[in-house]
Protein chains: 2
Amino acid sequence: MTGAGIEQRPTQVQRHHYPAIAVDMIILTMGENDLMVLLIQRRGEPFAGHWAFPGGFVDPAESLDEAAARELREETTVSDVYLEQLYTFGEPTRDPRGRVISVAYFALVRQPLAVVGGDDATDARWFPLSALPALAFDHATILDYALARVRKKIEYTNIVYSLLPETFTLTELQRVYEVILGRRIDKRNFRKKISSLDLVAPTGELRRDGAHRPAKLYHFRSREPRIVEIF
Amino acid sequence: MTGAGIEQRPTQVQRHHYPAIAVDMIILTMGENDLMVLLIQRRGEPFAGHWAFPGGFVDPAESLDEAAARELREETTVSDVYLEQLYTFGEPTRDPRGRVISVAYFALVRQPLAVVGGDDATDARWFPLSALPALAFDHATILDYALARVRKKIEYTNIVYSLLPETFTLTELQRVYEVILGRRIDKRNFRKKISSLDLVAPTGELRRDGAHRPAKLYHFRSREPRIVEIF
DNA sequence: CCAAAAGTGTTGGTTTTACACCCATGG
DNA sequence: CCATGGGTGTAAAACCAACACTTTTGG
C-alpha cells in the first residue's frame, strides 16, 4: 500500500507521475425530433477522423467549474445554460498518449446558439443522438452517463428551461420531455401536470404559424435550477 | 484562450503544472440513532488536529475506482460494500500545500466492520453525523454532497442492503430509512410498501431479545444494486 | 370547406396517507 | 401481570392513466 490517509500527503506537491486533468463537455440541445450533441472532429492520432467532445486541460489557477465554463464559452455563445459536473473518468489507458483524467460536465443549451467558429477551423457539428458518428476515446461511455443523468434529472427538476427559448408553446415544452424521456405523453395529462406546478405562465401573446389555431405562448416563471417533482 | 478541443492535447503528456489526484472516501455506516462517518485525525499541518476523510493519491497504474477500493480496504474489512463515485472537487486553493484534485467516493458499509488499525497508529474513529468534529479542507462540503446523494439514492435503489447484516428485522430496516431520510415512517405503511416490492424474504428464524414478542428475521433477496422506486 | 394543430374534462383504478389495537415474550 | 416492542387492516384522499371532441386558423 502507498500510505493511507490524507494526512500523509507530501508537504510539497510532487512534480511527476501526475496525470493530466481535462474537462470534457457534453453539450446538448434540442433538435427537431431528437437531442443533439456537439462534437468536434479529430484530425490527428489517436482516433483521427473520429468525433470527440469539446474539452481541454484545466489551467493551473482555475477551478473545474471555471474550466468547464471556459470550454463552453469557447464553443458556443452562452445564455441560460445549465451546466453540471457529470462524472470523472480515469481509466489509466483511456487515452493512449498518457494518463489523462477527464472530469466530464454536461451542458443544456438553447438551440439557436451558433457554434463558435473554432479558432483553428476545427470541424464542430451538432449530431442527433439517433445518428452519431464514431466517437473517440471512451466518449461513447461518457455520453451514456450524460444521457442517463439528464433523463433522470429532467423528471425532478426544472432544468428544461435551459433547452427552450424565452417564450414557447406548451406543445414545444411537451416535445422536449417526450424527446428526452423517449416516450409519448398524453397532451391533456401533461398540461394538467404542468399547470399544477406553476412552472410557466402565459405571456398573453399568441404564436400563429400555419393553417391552424394559434398557440398561446408561455415563459418560465423562474430560470434558476430548482427541485420540482414532475414525473 | 488556451486552445480548445481535445484534439489539441500534447502528444506526450507533459510533466509539470499538473495537479495531484487524490481519492477521498466518505465511509458511512449505521449507528444507533444516526449515520456514522469514518474520520481520521490529522497530525501535521495544515489542519492539524482536525479530522478528515481517509484517502490518498491515485497510483499511476490504477483506475479511480481501484484507488477508491484500495483506500476502502486499507480502512475497513470489506464485505457487501456499496461504493460509488460522488463528485470531483478541484478548487485551486482547497489544499494550501498545492493543487490537489480530489475525486470523492462514498461507501456504505455494515456496522460491525472494524476499523483497520492504521498502519501508523493514525487515529481513525466513527462519528455520528449529529456530533461531528471540525473537518479539514473542504470536507464539510464534500460530506454535504455525500449525504444529499445517499438520501436521494436510498429512495430509488435497494442500496440499504449494504448497511444491514445478513439477517435483520423489519423494524431495523425501517430504522435505516428513518435515520437517513430524517423522518418517521408509519410502521404499517412501511411494511406494506416493502412487502409489495419483494426486496426481502423471511428466513423463517425469529430473533428474541428482551421482554416482548420475537421479531421475524428477513434477508435481502438480492444484494446487487438495483433501481427500485421505494418512496 | 378542408386540413392542421390547439385546446379542454371526466372516469376508474391505483397509490398514498392516516390511524389503533392485539400479540408474544421476559422478568 | 406488566411493560415492551412486534405485528396487522381499513377507509378517505390524492394521484395517475386512459380516453375524443371542439376551436381557430390559413389556404
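Every chain is numbered from 1, with letters handed out A, B, ... down the list of sequences.
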Original post:
Closer to the 5' end of DNA chain D via nearest nucleotide, is it B/Glu172 or A/Ile230?
Top reply: B/Glu172
Original post:
Any idea which of C/dT17, C/dG26, C/dA24 is nearest the B/Arg208 side chain?
Top reply: C/dG26
Subject >> Earlier contact from the 5' end, DNA chain C, for B/Lys192 and B/Asp209 >> reply: B/Lys192
Original post:
Any side-chain N or O of A/Arg191 less than 4.0 Å from the OP1 or OP2 oxygen of C/dG7?
Top reply: yes
**OP:** Take the angle between the ring planes of A/Trp51 and A/Phe127 and call it parallel below 30°, perpendicular above 60°, tilted in between.
**Re:** perpendicular
Original post:
Is the Lys NZ or Arg CZ of B/Lys153 less than 6.0 Å from the centre of B/Phe106's six-membered ring, within 45° of the axis?
Top reply: no
Original post:
Can you tell me if the side-chain N/O atoms of A/Thr171 get under 4.0 Å from OP1 or OP2 in C/dA5?
Top reply: no
Original post:
Can you check the B/Lys193 NZ to C/dT15 P distance for me, whole Å?
Top reply: 9 Å
**OP:** Could you check A/Asn33, A/Leu35, A/Leu129, A/Leu163 and say which one makes a side-chain contact (heavy atoms from CB on, under 4.5 Å) with A/Val179?
**Re:** A/Leu35
Original post:
So is A/Arg183 actually on top of A/Phe231's ring, under 6.0 Å and inside 45° of the axis?
Top reply: yes
Original post:
With the threshold set at 4.0 Å, does a side-chain nitrogen-carboxylate oxygen contact exist between A/Arg175 and A/Glu178?
Top reply: yes
Subject >> Euclidean distance, atom NZ of residue B/Lys187 to atom P of C/dC22 [Å, nearest integer] >> reply: 14 Å
**OP:** Walking along DNA chain D from 5' to 3', note the first and the last nucleotide with an atom under 4.0 Å from a heavy atom of chain A, and give both.
**Re:** D/dC16 to D/dG26
Original post:
Once you round it to whole Å, what is the distance between C1' of C/dC23 and NZ of B/Lys216?
Top reply: 12 Å
Subject >> Residue mapping more 5' on DNA chain C - nearest nucleotide basis, A/Asp186 or A/His212 >> reply: A/His212
Subject >> Shortest side-chain distance from A/Asn189, nucleotide among C/dT8, C/dG9, C/dT17 >> reply: C/dG9
**OP:** Please name the residue in the list B/Phe53, B/Tyr105, B/Phe89 that meets the ring pair (Phe, Tyr, Trp, His ring centres under 6.0 Å) test with B/Tyr145.
**Re:** B/Phe89
**OP:** Using atom CD of A/Glu229 as one end and atom C1' of C/dT16 as the other, report the distance to the nearest whole Å.
**Re:** 15 Å
Subject >> Euclidean distance, atom CZ of residue B/Arg207 to atom P of C/dG26 [Å, nearest integer] >> reply: 15 Å
Original post:
Going by the angle between their ring planes, with limits at 30° and 60°, are B/His50 and B/Phe47 parallel, tilted or perpendicular?
Top reply: perpendicular
